[in-house]
A.B. asks: 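Structure incoming, see below.
Heavy-atom basis, side chains included; hydrogens, waters and symmetry copies ignored. The first residue in the sequence is number 1, and the count goes up from there.
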Amino acid sequence: STLDRSSAASDVYKRQIKPIYNLLDNFKKLSKGEYDLYIENDRVDEIGKLLDNFNKLVASLKSYRERENKAKEEREELISSISHDLSTPLSVIQAHIDGISDGVADSEEKKDEYIRIINKKIKQLNNRIKQLKDYSSFGIYDKEINNIRARESLDRIVDELNRSFTIEIENLFYKNDIKESTVIGLSDRMLEIIFENLFSNSIKYRGENPLEIDIIAKENPDTVIVEFKDNGKGIEKSELDKIFNPLYTVDKARTTDKESMGLGLSIVKKILNNVGGDIGATSELGQYTVFFIEILSLIHISEPTRPLYIS
């Protein structure tokens, strides 16, 4: 009958055509940049699969867009912070140069003082530019690098840094249980940068007691583990997840280094992440900080005919 045909047509529309129209309408919204979309779906046929795939697509695109927005915000914040940290010493340099040119520094003693301040700020500016250069260069890291014997390189680097910071460090305990044959996928210079930054961080945040540093290196079957501990001022638990962010610095009042941009630990993390490693930290405020470094070991070698590290 006509009524039956009409009812059947209505059922076909509801079951087959209406979901397609709904899907097309949502695709149009998606093409205009709307991502808060979801199509209710309890079907188990081909149309149900199509609607399910659409919902997965939207969720994926929404997640990607959120990551892009977060990355954009972080880039803008980074650029703003860099501009501020570079403009501050530049402003001081400019002011003191003008002071000499305009005769404000009207005695030899005052001129000498102005020049001393200018030189100090130039040094500060150079240090900050060097940090930025290191940070940006490891952002475009080339994985085709020479590998190094972990034990040999670490022994040399720790010894050199200990000699360099003899005045600042009261006592260094160092134990290296890495096998002679263990190789890691870093250049010698990159391993140096990692430990230069860790030593500098300990000195920067040293406490009232003489600075003591403990370094213990060991290995698991697939990784080299280094624990780096100091007895410095420590870090608030609320700050531990932030210290590896670019340009993040713990309370300025607690640091002895006013030249740092807060890029050191983020450079360390970037180097390690780029070779499949990582770094984390635990700390007790006013007592200690421990950094845990993990580096993937590549191969174990027999006696080499030449050193595998590069300078």
Side-chain angles (χ1 to χ4, degrees), residues 1-85 132 135-144 185 222-223 235-250 261-263 265-282 292 294-296:
S1 69
T2 302
L3 186 60
D4 290 338
R5 286 196 299 272
S6 175
S7 177
S10 177
D11 186 59
V12 168
Y13 174 78
K14 287 179 181 177
R15 291 292 302 165
Q16 306 294 333
I17 300 174
K18 187 177 179 181
I20 300 299
Y21 274 126
N22 191 18
L23 180 64
L24 291 173
D25 184 51
N26 277 276
F27 262 120
K28 288 177 183 178
K29 291 177 181 177
L30 184 63
S31 69
K32 293 177 181 177
E34 293 184 40
Y35 293 92
D36 291 323
L37 304 172
Y38 183 81
I39 300 176
E40 293 291 339
N41 176 34
D42 58 1
R43 303 173 65 123
V44 292
D45 57 4
E46 289 301 317
I47 291 178
K49 289 181 184 178
L50 183 60
L51 299 180
D52 188 46
N53 285 331
F54 173 81
N55 287 334
K56 289 177 180 177
L57 171 66
V58 171
S60 177
L61 290 173
K62 185 178 180 181
S63 175
Y64 175 78
R65 185 179 178 84
E66 287 171 351
R67 290 196 304 271
E68 285 291 295
N69 287 339
K70 186 171 184 256
K72 182 181 177 183
E73 289 173 6
E74 288 174 352
R75 283 195 300 271
E76 289 174 351
E77 183 181 350
L78 184 65
I79 291 168
S80 175
S81 298
I82 288 170
S83 299
H84 176 267
D85 277 349
L132 282 171
Y135 184 80
S136 62
S137 65
F138 292 119
I140 51 173
Y141 174 79
D142 180 8
K143 293 189 177 180
E144 297 300 322
D222 300 318
T223 55
I235 304 166
E236 294 274 8
K237 284 183 170 54
S238 60
E239 293 181 317
L240 279 173
D241 61 341
K242 304 173 188 173
I243 59 174
F244 300 106
N245 294 343
L247 300 177
Y248 182 82
T249 54
V250 178
M261 292 186 72
L263 285 172
L265 291 178
S266 65
I267 290 171
V268 170
K269 187 172 181 65
K270 183 173 287 232
I271 292 172
L272 290 168
N273 286 169
N274 280 334
V275 295
D278 207 355
I279 182 171
T282 61
F292 299 94
E294 183 178 80
I295 310 170
L296 291 178

A.B. asks: Quick one: are Val275 and Leu296 in side-chain contact, heavy atoms under 4.5 Å?
C.D. replies: no
A.B. asks: Between side-chain atoms of residues 25-35 and protein atoms elsewhere (two or more places apart, or another chain), which donor-acceptor pairs fall under 3.5 Å?
C.D. replies:
from, atom 1, to, atom 2, distance (Å)
Asn26, ND2, Asn22, O, 2.8
Asn26, ND2, Asn22, OD1, 3.1
Ser31, OG, Lys28, O, 2.6

A.B. asks: Which atoms form the tightest heavy-atom contact between Phe244 and Ser266, and what is the distance?
C.D. replies: O-CB, 3.2 Å
A.B. asks: Would a 4.5 Å heavy-atom cut-off, applied to side chains only, mark Ile20 and Leu24 as touching?
C.D. replies: yes
A.B. asks: Is the shortest heavy-atom distance from the side chain of Asn273 to the side chain of Asp278 under 4.5 Å?
C.D. replies: yes
A.B. asks: Answer yes when Glu239 and Lys242 have at least one side-chain N-carboxylate O distance shorter than 4.0 Å, and no when they do not.
C.D. replies: no
A.B. asks: Keeping the roles fixed (side chain from Asn274, backbone from Lys270), state whether a donor-acceptor pair exists under 3.5 Å.
C.D. replies: yes
A.B. asks: Counting C-beta onward and ignoring hydrogens, is there a side-chain heavy-atom pair between Arg65 and Asn69 closer than 4.5 Å?
C.D. replies: yes
A.B. asks: Please report the closest heavy-atom contact between Thr282 and Leu240, naming both atoms and the distance.
C.D. replies: CA-CD1, 4.3 Å
A.B. asks: Counting C-beta onward and ignoring hydrogens, is there a side-chain heavy-atom pair between Ser60 and Lys56 closer than 4.5 Å?
C.D. replies: no
A.B. asks: Using the side chain to side chain contact (heavy atoms under 4.5 Å, CB included) rule, pick out the option among Asp36, Asn53, Leu37 that qualifies with Val58.
C.D. replies: Leu37
A.B. asks: Might you point out which heavy atoms bring Arg43 and Ile47 nearest each other, and give the distance in Å?
C.D. replies: NH2-CD1, 3.6 Å
A.B. asks: I need the Leu23 CG to Phe54 CZ distance, nearest 0.5 Å.
C.D. replies: 6.0 Å
A.B. asks: For the atom pair CD (Glu294) and CG (Asp222), what is the distance rounded to the nearest 0.5 Å?
C.D. replies: 9.5 Å
